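Everything on this sheet refers to the single structure shown next.
For ligands, and for the atoms within them, numbers begin at 1 and follow the listed sequence. Remember, it's a predicted structure, so these values are computed and weren't measured experimentally. No hydrogens, no waters, no symmetry mates; every other heavy atom, side chains included, goes into these values.
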Amino acid sequence: MQSLIIFASGRGSNAQAIIDYFNNDSGVEVALIVSNKKDAGVLQIAADNNIPSLVVDKQSFNNSSFADTLKGYTPSLIVLAGFLWKVPDAVVKAFSGKIINIHPALLPSYGGKGMYGHHVHEAVIAAKEQESGITIHYVDEVYDNGGIILQARCTVSAEDSPDSLAQRIHKLEHFFFPRTIEYMLESK
Ligand code: GAR
């Protein structure tokens, strides 16, 4: 059995897509969902799917024992699906090459601290970009910096709002994120 840990701060539509994708795969389980927000939608998704969840505050997240807590779940991958805090260096070191993030733009553009969710789409539209997309990448000690695993593109039109672009980006994410995870698990 291969285990996934998902870190998520928000609605959790990517977490849901991952759970759904592996639902019929007896070899892969989502063992834990970690959130930094006690009212995050993703916690309801965890409860609905009988997946253990953990709400962390900044102090426990950055405590050196947090890596040990995660090790208890022996994850093949830790998946950041809309998670907004920087992963502590101790966790990055403990799970080197096993932590991946999804970003709703084509990195290295529109990345870095403060660039998440709608802020990203607003910036892309303000810059009159004709193209945006998603980036799935390894997590290292620097925000949005680790090696790129996959990018997928979509068009941005002059009529797009941050909402309409977010919807197009979410479709790409829900398709490519579970499949990229599957590919990575198979090549381990
Ligand atoms: C996703 O679009 C993800 O790419 C983005 O947050 C959204 C979460 O949506 N992540 C970032 O912006 C990270 N910098 P969800 O909660 O519906 O999965």
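- For Gln16 and Asp20, the side-chain atoms include at least one donor-acceptor pair closer than 3.5 Å.
- Between His170 and His174, the ring planes lie tilted relative to each other; the angle falls in the 30° to 60° range.
- Cluster membership for Ile51 and Leu185, using ILVMFWY side-chain heavy atoms within less than 4.5 angstrom, is shared.
- Using a 4.0 angstrom heavy-atom cutoff, His119 does not count as in contact with ligand 1.
- At the top of the distance list for atom 11 (C) of ligand 1, counting protein heavy atoms only, stands Pro104 CD, 3.5 Å.
- Only one option out of Val120, Asn14, Leu165 pairs with Pro104 in a side-chain contact (heavy atoms from CB on, under 4.5 Å); it is Val120.
- Counting only heavy atoms of the protein, atom 13 (C) of ligand 1 lies nearest to Ile102 O, 3.9 Å.
- Close approach of ligand 1 to Met115 (heavy-atom distance below 4.0 Å) involves ligand atoms 14 (N).
- Under a 4.0 angstrom heavy-atom cut-off, Ile169 registers as lying outside contact with ligand 1.
- With salt bridges taken as basic N to acidic carboxylate O contacts below 4.0 Å, none links Asp144 and Lys113.
- Across Glu173, His103, His174, heavy-atom proximity to atom 4 (O) of ligand 1 is greatest for Glu173.
- Val92 forms part of a hydrophobic cluster together with Ile5, Phe7, Leu32, Val34, Leu54, Val56, Phe61, Phe66, Leu70, Tyr73, Ile78, Leu80, Phe83, Trp85, Val87, Val91, Phe95, Ile99, Val139, judged by ILVMFWY side-chain heavy-atom separations under 4.5 Å.
- Cation-pi contact between Arg179 and Phe175: present, with separation from the ring centre below 6.0 Å and deviation from the ring axis of at most 45°.
- Applying the 4.0 Å criterion to heavy atoms of Gly12 picks out, from ligand 1, the atoms 15 (P), 16 (O), 17 (O), 18 (O).
- Taking distance alone, with nitrogen or oxygen atoms compared against 3.5 Å, Gly117 approaches ligand 1 more closely than that limit.
- Ser60 and Asn63 share no side-chain donor-acceptor pair at under 3.5 Å.
- Looking at Val120 next to ligand 1, no N or O pair under 3.5 Å apart turns up.
- Close N/O approach between Asn101 and ligand 1 is not found [any backbone or side-chain N/O within under 3.5 Å].
- Summarising the contacts of atom 6 (O) of ligand 1 with Ala105, Ser13, Gly82, Ala81, the nearest heavy atom is found in Gly82.
- Residue, atom and distance of the protein heavy atom nearest to atom 9 (O) of ligand 1 are His170 NE2, 3.2 Å.
- Using a 3.5 Å distance cut-off with no hydrogens or angles, the side chains of His118 and Asp163 do pair a donor with an acceptor.
- Every heavy atom of Ala8 sits 4.0 Å or more from the atoms of ligand 1.
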